[in-house]
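Numbers here simply count residues along the sequence, with the first being 1.
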Amino acid sequence: MILVSAAMVATALMPESLAAGADAAPPRIALVSAPDRGHTSGGDALVRITTADPQDPVLVTVNGLEAEGFRRQPDGTLLGLVTHLKNGTNTITAGSLGLTSTRTITNHPSEGPVFSGPQAMPFYCETTAFGLAPAEQPHCSAPTKVAYKYRSRLGLFLPLADPDQRPLDLATATVSGREVPYIIRVETGTINRAVYETAALHDGSAPSPLRRNRSWNGRLIYTFGGGCSGGHHQGAQTGGVLNDTFLSQGYAVASSTLNVLETNCGIPLSAEAAMMVKEHFVETYGPVEHTIGWGGSGGGIQQYGIADAYPGILDGIIPIVGFPDPFTLEKSVAGDCKLLTRYFAGAGLAFTPEQRDAVTGMLEYASCVGAENIDTRSPTKRCDRSIPFTALWNRDANPGGVKCTMMEAYANQFGRDPETGFVRSVLDNVGVQYGLTALHRKQITPAQFVALNSAIGGYDHEGAFVARRSQADPYALKAAYRGDLLNSMRLGLRSTPIIDHRIHTDRVLFDVHTAHWSYVTRARLQAANGTSANHVIIQSKLAVGERQTADAYVVESMDRWLTGIEADGSSRSQQEKVIANKPAGLSDGCYLTPTQRVHAPLTYPASGPCADEYPISADPRLRAGEPLAESTLKCALRPLDFADYPVTFTPAQRAQLLQTFATGVCDYTRPGPGQSERPSTWIDYSRR
């Protein structure tokens, strides 16, 4: 894709004895548009060539053919977009002064997949929700559309037919201290069977990967959406790209419908979609200095999962009201809370409100009741309306139909139970002693403890309540740990800056986004890496003004943090650089008012100046004795020992407990079954 000049060609083809000096080195070839792992998609790739001397001539070929269009950059490297890559293996060669380097990259179709494995079928298209042309299964592809919007002085994003126009009410944005017209180029298209969106300030010229857009600050914010469902449809929303906090400072924004967990609850597929969309953005606008993740609830889950298991896509993350991963959420909230809610509405009706709080760990038991809105198991309850009713699973009429459970998103990772046809499960509550802490604190009676654990039950493969407790599939457990799907936080997150923005909902009825999840994350980071110094928690409230203030602060802080890391040329490890370059003044804290932020260590349980304003809940597993990191899907078991309890059980109660815990009770001092599996990054599920 290049030649710089005919003279350079001649020089590049000179014999090594005439052209190369004693200290000469072959050119280095780097893949810029995707994590430098040798994979690209869509038939093109942005490539950087570095030579020992910036003036050295270079000849580049792709699959044996001369490549053209590379441009010398201010840092002396050559940057070029290689196109017309074939699906499969491609070879890039760069020669300079008789020395040659070769790089092999694998190209994948723009419809995917790259590494997430076989795509779910059927798959229903929703391109028209974005104003794109109707699309057809299975790829759901549609022509790309570019539109322009502007920000009015009243704070509205309005359509702009001609980007060369300057409406009378046009606002301005400030990029690196310079005012620019607040006009946004919005691109919408399809990648990896999803609809993607990108937005960036428009500088009056067509974007180019070889020339920096003058209204762009060189940074990208990638947004993620919430929910959790099994997919089989394209999705009608992304994580959102029209965000004034981001765009007004010159950030570009990108997202995809498969980065909304309600559309797709699978972390591998979300990572793949983000990688491919970011790749396209770089091939359109040029190299990104750093990428910041952003999003709440399930959007936080994706950031944690991608940053740990797929390092290189996101450089820093800002999870908002996040959870560590889908399976910790399912275990402690969607699983346990729903079991307890059912019990308290029936056999446990006599439990007082205070006792329910004590068993669930919630400041408001109604927060646990809110888990009814999170259905990860029912085959059709969460199916999107884009999926025809006739296509849905039915035990008798259509046993091979579409299921919309969370687990469907993990069919490639866990496989299917050959007897039921459902994806193997990791949900397990065998040996869990519900209300154990409440019993020790004498908040519930021995009789209540026995009755609760005897009747709590579990779920069958269809998500229905059953008398027996849930049991995880051994193969699925190993796959969950090996694939880092139960987030170990010991891989990419070990050296990822994290600003955990916790909007406080612990006193909000029916809201499961309680503050303790930030401390579960911190405990897991600490246990995995010996430090959690890369994790900052900032608490704010639901008030709009306070949230806007906090949003602007965390983005600006993350940008300074990443900029400092990138400028660190020391020999320190990446983890050490992350810790050393945390900006001065960036620390744990809380907003007491929209303008008053307290800097203070945040702890679990809550203490210090933020404790009164921001009390912290727990969850049923913590109240059943699991350590704060909650890093076990299925616990190891030990025999029940009545000497462990600070109360006396009657002979009948003892007999009932021995029957309930016939195989033992949880022993959290030992790893659980399958937990010896070592987690890995960038697993390719297409090869399994």
- Checking side chain to side chain contact (heavy atoms under 4.5 Å, CB included) for the pair N487/L493: CA distance, chi angles, key distance, verdict? CA-CA 10 Å; N487 198 330; L493 283 171; 3.8 Å; yes
- Taken to the nearest 0.5 Å, the spacing of S297 OG from L329 CG works out to 7.5 Å
- Taking the inter-plane angle between the rings of Y645 and H440 on a 0 to 90° scale, is it parallel (under 30°), tilted (30 to 60°) or perpendicular (over 60°)? tilted
- Message: Rounded to the nearest 0.5 Å, what separates atom CD in E626 from atom OH in Y668?
- Response: 4.5 Å
- Hey, do the aromatic rings of F224 and W294 have their centres closer than 6.0 Å? no
- Task: Decide whether N259 and S270 meet the rule of one side-chain donor and one side-chain acceptor closer than 3.5 Å.
- Result: yes
- R424 to F414 six-membered ring, cation-pi geometry met (6.0 Å, 45°): no
- How far apart are the C-alpha atoms of K331 and D336, what are their side-chain angles, what is the distance that settles it, and do they pass the salt bridge (charged side-chain N to carboxylate O under 4.0 Å, His left out) test? CA-CA 6 Å; K331 173 185 74 173; D336 290 347; over 6 Å; no
- Message: Please determine whether a side-chain nitrogen of the Lys or Arg among R522 and D588 lies less than 4.0 Å from a carboxylate oxygen of the Asp or Glu.
- Response: yes
- Assess the side chains of D473 and S425: does a donor N or O sit below 3.5 Å from an acceptor N or O? no
- For the atom pair CD (E408) and CG (N264), what is the distance rounded to the nearest 0.5 Å? 12.0 Å
- For this output row, return yes or no: ring centroids of F344 and Y365 closer than 6.0 angstrom. yes
- Item | Heavy-atom closest contact (G421 atom, K403 atom, distance) | O-NZ, 3.6 Å
- Item | From Y604, Y304, F323, residue fulfilling ring-ring contact (aromatic ring centres under 6.0 Å, His included) relative to W517 | F323
- Pair R507 + E364: basic N to acidic O under 4.0 Å: yes
- Message: Ring centroids only, cut at 6.0 angstrom: are Y410 and Y685 within range, meaning strictly under it?
- Response: no
- Name all residues meeting the ring pair (Phe, Tyr, Trp, His ring centres under 6.0 Å) criterion together with F422; count only those two or more places apart in sequence or in a different chain, and write none if there are none. W393, H461
- Item | Residue among K381, R377, R395 satisfying salt bridge (charged side-chain N to carboxylate O under 4.0 Å, His left out) with E462 | R395
- Out of T514, D506, D357, which one pairs with S617 under the side chain to side chain donor-acceptor pair (under 3.5 Å) rule? D506
- With K541 as the cation and Y614 as the aromatic partner, state whether NZ or CZ is under 6.0 Å from the six-membered ring centre and within 45° of the axis. yes
- Note on the structure: dist H233:NE2 -> C404:SG (nearest 0.5 Å) comes out at 7.5 Å
- Salt bridge D644-R638, side-chain N to carboxylate O under 4.0 Å: yes
- Check ring pair (Phe, Tyr, Trp, His ring centres under 6.0 Å) between F510 and all other residues, then give those that pass, not counting sequence neighbours. none
- Message: Check this for me: does any side-chain nitrogen of one of R678 and D484 sit under 4.0 Å from a carboxylate oxygen of the other?
- Response: no
- Message: For the backbone of S631 and the side chain of Q675, can you confirm whether one donor and one acceptor N or O come within less than 3.5 Å of each other?
- Response: yes
